[in-house]
Asks: 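My questions will all concern the structure given below.
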Amino acid sequence: MDIARNLAQTRAAIEAACASVERSPSEVTLIAVSKNIPLEAIKAAYDAGQRHFGESRLQEAQPKIQAMPPDAIWHFIGHLQSNKAKKVAGMFDAIHTLDSESQLKEIAKADRIVDGFIEVNIGDEPQKAGISAESLDEFKTLVLNYPQVRLSGLMTIGPEHEDPESARIYFRRLRELGQRLGVSNLSMGMSLDFAVAIQEGATHVRIGSAIFGSRT
Ligand SMILES: *Cc1c(COP(=O)(O)O)cnc(C)c1O
């Protein structure tokens with residue numbers, strides 16, 4: 001697994017997607033999703049210049065965060081149980097999965113400011129976490145009551161699909177919701193569909209397997 005090469009290819013693909021819609025690559029933050037990936041591989045990515053990392057479980061992330069250089073930036077992208085939210089806010093720089101007031105109450109106890117993304121259930125899938133489009137304004141108002149959360153934008157994990165083009169309507173919908181809400185950032189796009197997400201306005205792409213290889 002040549003992580004430096006994978007990263008270089010991923011960055012080149014991000015630049016190409018930006019060029020295709022005349023966006024600047026500086027508008028897009030690459031989050032290397034390192035869940036289920038051993039520390040040595042994460043360090044290899046760091047040595048290749050990568051600074052933003054995404055993890056989805058507190059227990060797994062804790063030792064990694066402690067072992068990595070302090071200028072690594074950590075994004076929590078997993079389902080956030082309220083009883084872990086205070087600790088997550090203490091360790092991570094950004095939380096991408098805000099969807100309940102009980103999380104916000106716990107984050108507020110951490111005595112630290114984190115960047116927050118509201119998770120949107122963009123395909124209205126009953127089994128998925130996230131706020132529905134209809135309830136977004138109300139939830140945004142709630143978030144603004146918590147100064148410990150600096151509202152950054154919206155995040156979504158679109159419905160599963162085989163063809164990246166079929167994700168486009170969901171990414172577009174998230175962008176429209178973000179504009180309506182007046183937030184600037186959009187966390188959307190993974191290994192298979194980040195190019196389409198960037199064309200539709202993603203500011204944060206969460207990429208795991210294209211960098212670190214298959215997790216299985
Ligand atoms: C695992 C994960 C990713 C990365 O997925 P890949 O397909 O490996 O790029 C992105 N976002 C979330 C929320 C994830 O859980």
Side-chain angles (χ1 to χ4, degrees), residues 27-35 51-62 64-65 70-123 128-158 170-171 173-190 194 197-198 200-208:
E27 293 172 20
V28 179
T29 299
L30 167 58
I31 300 171
V33 175
S34 50
K35 67 183 184 203
R51 289 296 177 271
H52 290 262
F53 296 93
E55 287 280 340
S56 51
R57 295 204 340 264
L58 176 67
Q59 272 89 336
E60 184 192 333
Q62 214 160 359
K64 293 177 179 174
I65 294 175
D71 66 338
I73 298 157
W74 296 91
H75 298 256
F76 189 83
I77 62 167
H79 175 63
L80 181 57
Q81 294 167 259
S82 300
N83 62 2
K84 306 230 171 101
K86 179 183 171 188
K87 257 203 165 147
V88 165
M91 302 203 70
F92 284 80
D93 302 287
I95 298 174
H96 289 240
T97 47
L98 298 176
D99 69 355
S100 77
E101 183 167 26
S102 54
Q103 292 171 341
L104 297 169
K105 285 184 172 147
E106 292 301 313
I107 291 169
K109 295 179 187 166
D111 198 24
R112 184 162 173 269
I113 294 173
V114 291
D115 288 330
F117 291 78
I118 299 172
E119 181 173 356
V120 181
N121 184 351
I122 201 74
K128 270 209 183 140
I131 302 285
S132 68
E134 301 74 54
S135 310
L136 253 187
D137 290 279
E138 195 184 337
F139 190 68
K140 179 201 171 190
T141 306
L142 252 179
V143 173
L144 295 181
N145 289 333
Y146 292 85
Q148 296 86 353
V149 177
R150 187 166 42 215
L151 182 58
S152 176
L154 305 180
M155 176 272 206
T156 201
I157 306 167
Y170 300 106
F171 295 147
R173 202 177 288 168
L174 196 74
R175 181 184 67 204
E176 289 162 0
L177 289 170
Q179 281 167 344
R180 199 188 78 202
L181 237 61
V183 295
S184 36
N185 290 323
L186 299 171
S187 168
M188 59 188 195
M190 318 201 307
F194 67 86
I198 287 170
E200 294 301 328
T203 61
H204 293 68
V205 289
R206 310 178 307 265
I207 301 181

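Computed from a prediction, not measured in an experiment: that's the story for all the values here.
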Asks: Of all heavy-atom pairs between Ala89 and Ile107, which one has the smallest distance, and what is that distance?
Replies: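 So the minimum-distance heavy-atom pair works out to CB-CG2, 3.8 Å.
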Asks: Gln62: which residues meet the side-chain hydrogen bond (donor to acceptor under 3.5 Å, both in side chains) condition with it, sequence neighbours left out?
Replies: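 Scan of Gln62 (side-chain hydrogen bond (donor to acceptor under 3.5 Å, both in side chains), adjacent residues dropped) gives none.
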Asks: Checking Leu136 against Val120 for the side-chain contact (heavy atoms from CB on, under 4.5 Å) test, could you report, in this order, the C-alpha distance in whole Å, the side-chain angles of both residues, the deciding distance, and whether it holds?
Replies: CA-CA 8 Å; Leu136 253 187; Val120 181; 4.1 Å; yes
Asks: Going by side-chain hydrogen bond (donor to acceptor under 3.5 Å, both in side chains), name the residues that satisfy it together with Asn145, two or more places apart in sequence or in a different chain.
Replies: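 Once residues adjacent in sequence are excluded, Asn145 has no partner under the side-chain hydrogen bond (donor to acceptor under 3.5 Å, both in side chains) criterion.
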Asks: Just checking Lys86: does its NZ atom have more than 12 heavy atoms from other residues, nucleotides or ligands closer to it than 6.0 angstrom?
Replies: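 No.
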Asks: What is the minimum heavy-atom distance between Phe92 and Ala61, and which atoms define it?
Replies: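 Smallest interatomic distance, heavy atoms only, reads CZ-CB, 3.6 Å.
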Asks: Test of understanding: with salt bridge (charged side-chain N to carboxylate O under 4.0 Å, His left out), list the residues that count as partners of Arg175, not counting sequence neighbours.
Replies: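 Testing Arg175 for salt bridge (charged side-chain N to carboxylate O under 4.0 Å, His left out), a comparison that skips the adjacent residues, returns Glu200.
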Asks: Quick one: closest heavy-atom pair of Thr97 and Ile77, and the distance?
Replies: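 Here Thr97 and Ile77 meet closest at CG2-O, 3.4 Å.
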Asks: When you compare the side chains of His52 and Thr29, does any donor N or O come within less than 3.5 Å of an acceptor on the partner?
Replies: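 Absent: no donor and acceptor within the cut-off.
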Asks: Could you tell me which residues satisfy salt bridge (charged side-chain N to carboxylate O under 4.0 Å, His left out) with Glu176, sequence neighbours excluded, listed by chain and number?
Replies: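 Glu176: no salt bridge (charged side-chain N to carboxylate O under 4.0 Å, His left out) contacts found.
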Asks: For Glu27, which residues count as a side-chain hydrogen bond (donor to acceptor under 3.5 Å, both in side chains) partner, sequence neighbours excluded?
Replies: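 Only Arg23 meet the side-chain hydrogen bond (donor to acceptor under 3.5 Å, both in side chains) criterion with Glu27.
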Asks: Is there side-chain contact between His96 and Ile31, with at least one heavy-atom pair below 4.5 Å?
Replies: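 His96 reaches Ile31 side chain to side chain.
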Asks: Is there a side-chain contact between Val88 and Leu80, using heavy atoms and a 4.5 Å cut-off?
Replies: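 They are in side-chain contact.
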Asks: Do the side chains of Thr156 and Arg173 get nearer than 4.5 Å, heavy atoms only?
Replies: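 Side-chain contact under 4.5 Å: no.
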Asks: Looking at Lys35 and Gly54, would you say the former's side chain and the latter's main chain have a donor-acceptor pair under 3.5 Å?
Replies: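 Absent.
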Asks: Not counting sequence neighbours, which residues clear side-chain contact (heavy atoms from CB on, under 4.5 Å) with Ala129? List them please.
Replies: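 Scan of Ala129 (side-chain contact (heavy atoms from CB on, under 4.5 Å), adjacent residues dropped) gives His79, Asp99, Glu119.
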Asks: Between Ala110 and Gly90, which heavy-atom pair has the shortest distance, and what is it?
Replies: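 Answer, listing the atom of Ala110 first, then Gly90: CB-N, 4.2 Å.
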Asks: Is there a donor-acceptor pair closer than 3.5 Å between any side-chain N or O of Thr203 and the backbone N or O of Leu186?
Replies: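 Confirmed, Thr203 side chain pairs with Leu186 backbone.
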Asks: Measure from the side-chain N and O atoms of Arg206 to the backbone N and O of Gly189, and report whether any donor-acceptor pair falls under 3.5 Å.
Replies: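 Side chain of Arg206 to backbone of Gly189: no pair is present.
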Asks: Any idea which heavy atoms bring Ser152 and Asn185 closest together, and the distance?
Replies: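 Minimum heavy-atom contact is OG-ND2, 2.9 Å.
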Asks: Checking Ser184 now: which residues fulfil side-chain contact (heavy atoms from CB on, under 4.5 Å) with it, not counting sequence neighbours?
Replies: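 Listed in chain order: nothing, the list is empty.
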Asks: Partners of His204 by ring pair (Phe, Tyr, Trp, His ring centres under 6.0 Å), sequence neighbours excluded?
Replies: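 By the ring pair (Phe, Tyr, Trp, His ring centres under 6.0 Å) rule, His204 matches Phe117.
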Asks: Keeping to residues at least two apart or across chains, list the salt bridge (charged side-chain N to carboxylate O under 4.0 Å, His left out) pairs with something in residues 108-117.
Replies: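 Salt bridge (charged side-chain N to carboxylate O under 4.0 Å, His left out) check on residues 108-117 returns Asp93-Arg112, Glu106-Lys109, Asp115-Arg150.
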Asks: Side chains of Glu101 and Tyr146: is there a donor and an acceptor less than 3.5 Å apart?
Replies: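 Side chains of Glu101 and Tyr146: pair found under 3.5 Å.
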Asks: Indicate yes or no for a side-chain donor-acceptor contact from Lys128 to the backbone of Ile157 under 3.5 Å, with no hydrogens or angles considered.
Replies: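 A pair under 3.5 Å: yes.
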Asks: Taking only residues two or more places apart in sequence or in another chain, which ones pass ring pair (Phe, Tyr, Trp, His ring centres under 6.0 Å) with Phe171?
Replies: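 Ring pair (Phe, Tyr, Trp, His ring centres under 6.0 Å) check on Phe171 returns nothing, list empty.
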Asks: Do Ser132 and Asn121 have a side chain donor and acceptor closer than 3.5 Å?
Replies: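 Result is no, nothing qualifies.
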Asks: Please list, chain by chain and in numerical order, all residues satisfying side-chain hydrogen bond (donor to acceptor under 3.5 Å, both in side chains) with Lys64, sequence neighbours excluded.
Replies: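 Listed in chain order: Glu55, Glu60.
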Asks: Got a sec, which residues hit side-chain contact (heavy atoms from CB on, under 4.5 Å) with Phe139, two or more places apart in sequence or on another chain?
Replies: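 Partners of Phe139 by the side-chain contact (heavy atoms from CB on, under 4.5 Å) criterion, ordered by chain and then number, come out as Leu98, Leu104, Ile118, Ile131, Leu142, Val143.
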